[in-house]
Every structure is written in C-alpha cells, then in structure tokens.
Amino acid sequence: MITSATLLSACASVPPFSESPACAPTGDRTVRLIVNHDKREQPLLLRIEGHSTHTVFVALDTIGSPQFSATLSAGQLQLDVSPWYRGLDPQALVWGYYWWSLPDQARKDCAQSTGLQLQQTDSRITLAQGGRSVWRWSPQQEQQYQLPQQGGSVSVVPLKR
C-alpha cells in the first residue's frame with residue numbers, strides 16, 4: 001500500500017522520461033549519491049543495469065538494505081519503494097540521475113522528445129517544464145545536479161570496480 005501511494009504521488013511530481021532508445025542512461029553503472037534535502041545528507045548507492053528493453057535502477061542505503069528499485073521501460077518508470085525509505089522522491093532521484101548521465105547532445109535531443117525546454121549558458125544547463133526549472137547542472141560543480149521543485153541537490157560519486 002505504501003508503495004502504491006509513493007508511486008502515485010511521484011507520477012505527478014516529475015516530468016516524463018524519453019521513450020527514444022537514444023536516450024537510454026549512459027552514466028556509470030554504480031554510483032554513490034549524496035542527497036541533500038531538508039538540511040540532511042542521505043548517502044545512497046545506486047546501481048544501474050541496462051537491458052535491451054528496459055533499465056533497472058536499485059538504490060541501497062549505507063548498510064546495503066534496498067531502499068527502492070525502479071524499472072524504466074518505454075518512457076515509463078515503475079517503482080518499488082521500501083516502507084522504511086525516508087528521503088527525496090525516488091522517482092525524482094532516478095529522473096535527475098537519468099538527465100545528469102546523458103551526454104550533452106543526447107540531453108538536447110531527449111529534452112525535445114519529452115517537451116522539456118533546455119536552456120544552456122556557459123555557467124548552467126537548465127531543464128524547464130512550463131517555464132519552471134525542474135533540473136539544473138553547472139560545469140563548476142559537474143558532479144552535482146539540483147532538483148529545484150523537490151528542494152534538493154544530489155552529488156554523484158562514480159565508483160570504480
């Protein structure tokens with residue numbers, strides 16, 4: 001029941017993913033996310049597994065307990081959230097990492113395919129929906145992205161095997 005409620009609330013809070021195969025996440029397959037939200041820092045280990053028809057994201061806490069998993073297929077994200085997870089909207093975290101992991105050209109193409117507006121300057125890249133900023137990234141802090149609508153920022157630390 002908690003999982004369903006989280007999924008329903010998340011659907012309304014995050015813009016769409018692209019359905020284009022060219023927009024599949026391309027970042028590191030295992031990363032440490034340090035989520036800053038409500039003056040708290042929450043570390044998560046995010047594992048990404050790409051398959052021919054879908055991509056799976058699994059987030060673990062610092063002791064290895066699954067916090068949530070998400071399957072991205074045909075532009076739709078299906079979530080399974082632990083009842084013990086307390087943190088930023090899981091769909092927003094996956095969505096933010098998805099955009100952060102895309103190369104610049106793919107980000108441009110994928111933004112167009114989802115109806116998002118990509119605004120780029122020398123100091124910032126912003127994705128907007130309906131004139132409101134939903135994702136920001138700066139080359140000065142290249143390992144971090146911001147989710148203004150959720151009031152959070154996420155630092156990404158790639159892990160090498």
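Since the model is a prediction, treat every value here as computed from it, not as a measurement. Every heavy atom of this structure was used, including side-chain atoms; hydrogens, water molecules and symmetry mates were not.
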A.B. asks: Looking at every heavy atom in both T71 and H54, which two are closest together, and how far apart are they?
C.D. replies: CG2-CD2, 3.8 Å
A.B. asks: For the backbone of E142 and the side chain of W137, can you confirm whether one donor and one acceptor N or O come within less than 3.5 Å of each other?
C.D. replies: yes
A.B. asks: To the nearest 0.5 Å, what is the distance between CD1 on I48 and OG on S101?
C.D. replies: 7.5 Å
A.B. asks: Which value, rounded to the nearest 0.5 Å, describes the distance between L60 atom CG and S65 atom OG?
C.D. replies: 8.0 Å
A.B. asks: Could you check whether any side-chain heavy atom of I125 comes within less than 4.5 Å of a side-chain heavy atom of W135, counting everything from C-beta outward?
C.D. replies: yes
A.B. asks: Please check if the side chain of H51 supplies one atom and the backbone of V56 the other of a donor-acceptor pair under 3.5 Å.
C.D. replies: no
A.B. asks: Shortest non-hydrogen contact from L147 to V134?
C.D. replies: CD2-O, 3.9 Å
A.B. asks: Determine whether a donor-acceptor pair (N or O, by modelled atom type, separation under 3.5 Å) exists between the side chain of Q117 and the backbone of G115.
C.D. replies: yes
A.B. asks: Please name the pair of heavy atoms, one in A128 and one in Q119, separated by the smallest distance, quoted to 0.1 Å.
C.D. replies: CB-NE2, 4.0 Å
A.B. asks: Testing the basics here: between P90 and Y85, what is the closest heavy-atom pair and its distance to 0.1 Å?
C.D. replies: CG-CE2, 3.8 Å
A.B. asks: Taking only residues at least two apart or on different chains, which pairs with a member in residues 119-140 satisfy salt bridge (Lys or Arg N to Asp or Glu O under 4.0 Å)?
C.D. replies: none
A.B. asks: If you look at every heavy atom in L77 and A70, which pair is closest and at what distance?
C.D. replies: CD1-CB, 3.6 Å
A.B. asks: Does anything in residues 102-134 pair up under ring-ring contact (aromatic ring centres under 6.0 Å, His included), and if so which pairs, sequence neighbours excluded?
C.D. replies: none
A.B. asks: Rounded to the nearest 0.5 Å, how far does CZ of R29 lie from CG of L46?
C.D. replies: 10.5 Å
A.B. asks: Check the side chains of Q144 and S155 for a donor-acceptor pair under 3.5 angstrom, ignoring hydrogens and angles.
C.D. replies: yes
A.B. asks: Are the side chains of Y145 and Y97 in touch, meaning some heavy atoms are under 4.5 Å apart?
C.D. replies: yes
A.B. asks: Hey, are the side chains of L33 and V156 touching, using non-hydrogen atoms and a 4.5 Å cut-off?
C.D. replies: yes
A.B. asks: Quick one: pull up CG in L159 and CG in L45 and give me the separation to the nearest 0.5 Å.
C.D. replies: 6.0 Å
A.B. asks: List the atom of R32, the atom of P43, and the distance in Å for their closest heavy-atom pair.
C.D. replies: NH2-CB, 3.8 Å
A.B. asks: I'd like a table of donor-acceptor pairs (distance under 3.5 Å, sequence neighbours excluded) in which one partner is a side-chain atom from residues 102-114, with atom names and distances.
C.D. replies:
residue : atom : partner : partner atom : Å
D104    : OD1  : R107    : NH1          : 3.1
Q105    : NE2  : D109    : OD1          : 3.1
R107    : NE   : W99     : O            : 3.1
R107    : NH2  : W99     : O            : 3.3
R107    : NH2  : W100    : O            : 3.3
R107    : NH2  : L102    : O            : 2.8
S113    : OG   : S18     : OG           : 2.8
S113    : OG   : C110    : O            : 2.9
T114    : OG1  : C110    : O            : 3.3
T114    : OG1  : A111    : O            : 3.0

A.B. asks: Between CG of L93 and CD of Q42, what distance do you get to the nearest 0.5 Å?
C.D. replies: 7.5 Å
A.B. asks: Nearest 0.5 Å please: distance from the CZ atom of R40 over to the CZ atom of R86.
C.D. replies: 10.0 Å
